[in-house]
Amino acid sequence: MKPFEYSRLDNSHDLSAVADGRYLGGGTNLIDLMKHQIETPDVLVDVSRAGMDTIEERDSSVIIGSQVSNTNLAAHPLIRKHYSVLSSALLSGATQQLRNKATTGGNFLQRTRCQYFYDTKRACNKREPGSGCDAMNGLNRFHAILGESEHCIAVHPSDMAVAMAALDAVVHTRKTDGSERRIPAAELHRLPGDRPDLDHVLEQGELIVAVELPGTPPKLQAYRKVRDRSSYAFAVVSAAVALDIVDGRMRNVRIGLGGVAHKPWRAEKAEALLEGSAPDGALFMQAMEQEMADATGHGHNDFKITLAPRVVVSMLKQLTGLGEN
């Protein structure tokens with residue numbers, strides 16, 4: 001590991017001294033990247049004691065500090081009662097020990113687990129722009145089918161971020177000049193385009209300080225994760241689904257997909273088709289087939305194009321009382 005300087009941030013309101021350093025929360029992903037020489041920061045700025053570790057109700061919303069651990073977030077009574085899709089997503093990811101250390105802000109910013117990204121002897125535009133993408137014609141079973149580009153087909157690994165996107169969460173950030181931003185969780189991450197090395201829209205030194213959940217989420221919620229083994233594995237395909245049933249019709253339909261794109265994917269085409277309609281199995285499949293109309297497989301991951309719709313249709317049937325047949 002490359003030598004680095006270490007400093008600690010005691011106040012998240014004063015970032016003026018932060019220059020080219022990287023923020024360190026739980027370190028569950030960043031430290032691994034440093035060991036592999038994929039990330040080589042000169043300075044680490046520890047933000048774990050900067051007062052961003054509380055969960056509170058505020059103005060009809062729930063505000064989650066960026067340093068709240070995944071364990072504490074999943075177990076919090078407010079989250080379990082009103083945002084069960086988020087609790088389920090968190091509990092489906094990693095081991096208990098990792099959840100104890102991993103933070104809300106850090107979970108959003110974890111980097112892809114693409115094997116070509118981690119193998120510094122292979123071509124990877126995300127790790128080394130302009131070098132190529134060995135995943136394109138390689139072992140790409142876990143890779144993207146939506147929103148990818150000729151430069152990158154890696155996927156974002158977070159379960160939590162998929163649920164946050166489906167819940168219309170808003171990420172609160174603070175820049176080094178003291179200004180603040182509110183970024184919808186579904187817009188925090190970028191699609192690869194010709195700059196797959198840029199995972200998100202944050203500027204240098206911009207810090208995630210909190211995440212806001214809307215005070216009245218849909219009442220029917222579920223998270224499902226398809227993976228190669230029953231625990232401690234990243235998603236092949238995952239889905240976060242939330243909706244209400246009002247007078248026999250679906251309202252506030254929210255569908256987030258994981259394991260299919262460079263970012264948590266909001267199935268907006270499917271949502272629009274389902275909104276205001278009565279629950280119907282054929283309509284569910286029609287909506288998801290429409291969402292997958294532009295999906296592209298790359299050989300080993302072609303099966304995701306049919307798997308993702310089946311997962312969501314099954315969840316919608318279960319949530320709306322149609323059963324899973």
Side-chain angles (χ1 to χ4, degrees), residues 1-2 4-36 38-56 62-76 79 86-87 89-91 93-113 156-165 169-176 180-183 185 188-189 198-213 234 263-264:
M1 183 184 293
K2 173 187 172 182
F4 58 88
E5 295 181 16
Y6 170 88
S7 64
R8 193 172 74 200
L9 188 70
D10 295 318
N11 182 357
S12 66
H13 291 276
D14 183 11
L15 306 180
S16 58
V18 179
D20 298 325
R22 288 290 307 276
Y23 293 120
L24 175 68
T28 57
N29 183 212
L30 178 57
I31 299 303
D32 280 344
L33 292 169
M34 291 172 65
K35 290 177 180 178
H36 285 276
I38 297 168
E39 299 274 359
T40 56
D42 294 319
V43 179
L44 287 185
V45 181
D46 187 342
V47 298
S48 62
R49 304 181 190 180
M52 301 181 290
D53 57 354
T54 60
I55 301 173
E56 59 183 84
V62 175
I63 305 299
I64 304 162
S66 69
Q67 293 304 295
V68 171
S69 73
N70 287 180
T71 293
N72 289 342
L73 181 58
H76 195 279
I79 303 304
L86 176 56
S87 183
L90 287 161
L91 292 174
T95 65
Q96 179 68 56
Q97 293 91 336
L98 284 172
R99 292 197 298 269
N100 289 345
K101 289 294 293 181
T103 64
T104 302
N107 196 315
F108 271 115
L109 300 182
Q110 62 181 298
R111 307 205 69 187
T112 184
R113 292 328 196 268
H156 193 272
S158 173
D159 293 290
M160 183 204 77
V162 175
M164 290 287 197
V170 176
V171 177
H172 294 212
T173 71
R174 187 169 294 126
K175 300 182 183 181
T176 55
E180 299 182 354
R181 281 206 289 173
R182 292 165 51 88
I183 306 170
L188 177 65
H189 300 94
L198 302 178
D199 292 343
H200 49 71
V201 300
L202 300 183
E203 300 175 5
Q204 173 61 38
E206 190 170 5
L207 175 65
I208 295 177
V209 295
V211 180
E212 178 182 346
L213 293 175
F234 293 100
K263 60 183 288 184

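The structure presented is a predicted model; accordingly, all values stated were derived computationally and were not measured.
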Does the side chain of [X] reach to within under 4.5 Å of the side chain of [Y], using non-hydrogen atoms?
{"X": "Gln67", "Y": "Thr104", "answer": "no"}
{"X": "Ile31", "Y": "Leu24", "answer": "yes"}
{"X": "Glu5", "Y": "Leu44", "answer": "no"}
{"X": "Asp159", "Y": "Leu90", "answer": "no"}
{"X": "Leu9", "Y": "Leu207", "answer": "yes"}
{"X": "Thr54", "Y": "Val68", "answer": "no"}
{"X": "His172", "Y": "Glu212", "answer": "yes"}
{"X": "Ile63", "Y": "Ile55", "answer": "no"}

Is it the case that the side chain of [X] and the backbone of [Y] share a donor-acceptor pair, with hydrogens and angles ignored and the cut-off at 3.5 Å?
{"X": "Arg113", "Y": "Arg111", "value": "yes"}
{"X": "Arg99", "Y": "Gly93", "value": "yes"}
{"X": "Ser66", "Y": "Ile208", "value": "yes"}
{"X": "Tyr23", "Y": "Gly205", "value": "yes"}
{"X": "His156", "Y": "Phe108", "value": "yes"}

Any donor-acceptor pair under 3.5 Å linking the side-chain atoms of [Y] with those of [X]?
{"X": "Ser12", "Y": "Arg174", "answer": "yes"}
{"X": "Asn100", "Y": "Ser69", "answer": "no"}
{"X": "Gln96", "Y": "Thr71", "answer": "yes"}

Measuring from [X]:[atom1] to [Y]:[atom2], what's the distance to the nearest 0.5 Å?
{"X": "His76", "Y": "Leu86", "atom1": "NE2", "atom2": "CG", "value": "12.0 Å"}
{"X": "Leu98", "Y": "Asn29", "atom1": "CG", "atom2": "CG", "value": "10.5 Å"}
{"X": "Asn107", "Y": "Ser158", "atom1": "CG", "atom2": "OG", "value": "3.5 Å"}
{"X": "Asn70", "Y": "Thr103", "atom1": "CG", "atom2": "OG1", "value": "7.0 Å"}
{"X": "Leu30", "Y": "Lys35", "atom1": "CG", "atom2": "NZ", "value": "11.0 Å"}

Which heavy-atom pair separates [X] from [Y] by the least distance, and what is that distance?
{"X": "Leu213", "Y": "Ala169", "answer": "CD2-CB, 3.7 Å"}
{"X": "Ala50", "Y": "Asn11", "answer": "CB-N, 4.3 Å"}
{"X": "Gly25", "Y": "Ser48", "answer": "O-CB, 4.3 Å"}
{"X": "Ala89", "Y": "Ala163", "answer": "CB-CB, 3.8 Å"}
{"X": "Ile64", "Y": "Met164", "answer": "CD1-CE, 4.2 Å"}
{"X": "Arg181", "Y": "Leu202", "answer": "NH2-CA, 3.9 Å"}

List for me each residue that meets salt bridge (Lys or Arg N to Asp or Glu O under 4.0 Å) alongside Arg8, sequence neighbours excluded, and say none if there are none.
Asp10
Pair Asp42 + Lys2: basic N to acidic O under 4.0 Å:
yes
Going by an N to O cut-off under 4.0 Å, is there a salt bridge joining Glu39 and Arg22?
yes
Evaluate whether atom NZ of Lys101 has more than 12 neighbouring non-hydrogen atoms of other residues, nucleotides or ligands under 6.0 angstrom away.
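No - once you tally the heavy atoms of other residues, nucleotides and ligands closer than 6.0 Å, there are 12 at most.
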